[in-house]
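Everything below concerns the one structure shown next.
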Amino acid sequence: MTVRIKRLELNGFKSFPRSTVFEFDAGITAIIGPNGSGKSNIADAMRWVLGEQSYSNLRGRKAEDVIFSGSTARSAVGMAEVTLTLDNSSGELPIEYQEVSISRRACRNGENQYLINGSRVRLKDVNHITASLGQAHTVIGQGLVDAALSQRPEERRGLFEHAAGITGLRMKYAATARHLAETTSNSTRLEDLLNELEPRLKTLERQAKQAREFAEVQQNLRETTLRYYSSLWREHQERLNTLRQNAETAQTELERETSELAEAQAAIQQLETELETLQERGEALDQQIIDSRSQVRELEHRIELSRQRRDSLNVEVERHAERRASLVSESEQIEADIGERQAERESIQREIDELEVQLAHHRQKQSAIDEQIDALTR
Ligand code: ATP
């Protein structure tokens with residue numbers, strides 16, 4: 001047997017909260033440590049990853065016991081994972097990989113997963129691989145030798161069968177027995193069918209004869225049909241040739257008419273263009289007429305306004321003439337008044353002159369009196 005353990009990786013399993021890797025080189029690997037340091041936990045990990053279902057074989061009471069439950073230095077983790085890597089370069093394991101990694105994960109919520117080379121598999125697939133390990137796969141735990149010696153012969157048988165690689169053979173035997181049972185039941189069903197079919201053999205022979213005759217008639221029919229369709233095909237071929245010639249003539253005619261049609265269309269196109277130009281000019285002229293009419297209306301309106309203005313100016317001119325006449329007579333009156341006022345003003349001026357002479361005289365008298373008063377006061 002040349003399947004070898006290469007590596008064992010523990011992560012969150014029992015007393016291994018951190019990722020711990022054990023490399024197994026050629027020869028014997030021994031793990032040494034004081035009591036309680038976790039040596040048996042490594043053996044448990046090996047059992048566990050290979051699909052162990054018995055909690056007591058894993059020295060626990062429930063599935064959760066394999067997950068690191070915490071220590072004074074570290075708090076508990078939520079998942080345990082163990083990966084066992086086997087060297088399968090000999091190809092003895094029933095899987096096409098040189099190296100096979102079997103992993104098992106357990107979570108506190110009860111979830112349990114198996115993986116082979118990173119792909120999710122079922123426990124059955126792991127068992128299929130471990131079974132093929134045969135006698136090379138026996139985990140002898142602490143006290144197992146003592147227990148084996150004290151067991152009854154029939155209890156001990158399981159251990160020896162496992163160690164002798166009989167477990168794998170037993171699985172193969174069970175599968176073969178299952179296949180045999182299926183084959184036996186199939187052959188029984190076939191016998192039943194045979195018994196059922198035998199009485200119908202005559203009828204079937206008659207039907208076979210009829211089928212042969214039918215095939216013959218069908219063959220004749222096929223040949224006749226073929227001949228019929230060949231002559232039909234030739235006839236149609238000739239008609240087709242005539243029709244092709246007609247079509248060619250019609251095609252030539254069509255091409256000539258098409259070119260005439262194109263010419264006519266070009267002429268129509270040109271006429272349409274000219275018509276459009278004329279229409280545009282007509283529209284412009286219409287617009288000019290509309291504009292001219294509106295100008296005429298505006299001029300008429302302005303003439304009417306001018307007429308009204310002229311009439312009102314005439315009225316005003318008359319009014320101004322009357323006013324001018326009255327102003328002329330008024331000015332003559334004012335001029336007469338001015339003459340009178342002028343004369344009156346001149347007589348007043350004379351009076352003022354006389355009064356100013358008197359005032360000057362009185363001022364001289366007053367200043368003489370003021371001087372006398374000053375002299376007296378002194
Ligand atoms: P001995 O030689 O006495 O059998 P050992 O070296 O084989 O000892 P193990 O029995 O593998 O030691 O390890 C026991 C230790 O593992 C104990 O300290 C125990 O507390 C610890 N342990 C077991 N399960 C867990 C767990 N789920 N979480 C944390 N520690 C655990």
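Whatever order the structure lists ligands and atoms in, that order sets their numbers, starting from 1.
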Heavy-atom nearest neighbour of atom 8 (O) of ligand 1 within options Gly12, Gly36, Gly70, Pro34: Gly36
Ser71, portion touching ligand 1 at heavy-atom distance under 4.0 Å: neither
Residues, nucleotides or ligands: over 12 heavy atoms within 6.0 Å of Glu216 CD: no
Polar contact flag, side-chain donor to acceptor under 3.5 angstrom, Glu354-Gln358: no
Nearest option to atom 7 (O) of ligand 1, as decided by whichever heavy atom of Ser40, Ser37, Gly33 sits closest: Ser40
Heavy-atom neighbours of Gln270 CD exceed 12 at 6.0 Å: no
Nearest-option assignment for atom 28 (N) of ligand 1, heavy atoms, candidates Ser69, Ser15, Gly60, Gly38: Ser69
Qualifying residue, where the test is side-chain contact (heavy atoms from CB on, under 4.5 Å) with Tyr114 and the options are Asn127, Val121, Ile102, Asp125: Val121
Donor-acceptor pair between Gln287 and Asp291 side chains, under 3.5 angstrom: yes
Non-hydrogen atom of Ala80 closer than 4.0 Å to ligand 1: no
Pick from Ile67, Ile32, Val66, Asn41: the one approaching atom 22 (N) of ligand 1 most closely through a non-hydrogen atom: Asn41
Side chain, backbone, both or neither: Ile42 near ligand 1, heavy atoms under 4.0 Å: neither
Remaining members of hydrophobic cluster (4.5 Å side-chain criterion), Ile334: Ile338
Part of Asp65 within contact of ligand 1 (heavy atoms, under 4.0 Å): backbone
Any Leu50 side-chain heavy atom under 4.5 Å of Glu52 side chain: no
Atoms in ligand 1 flagged as close to Arg59, the criterion being non-hydrogen separation under 4.0 Å: 9 (P), 10 (O), 11 (O)
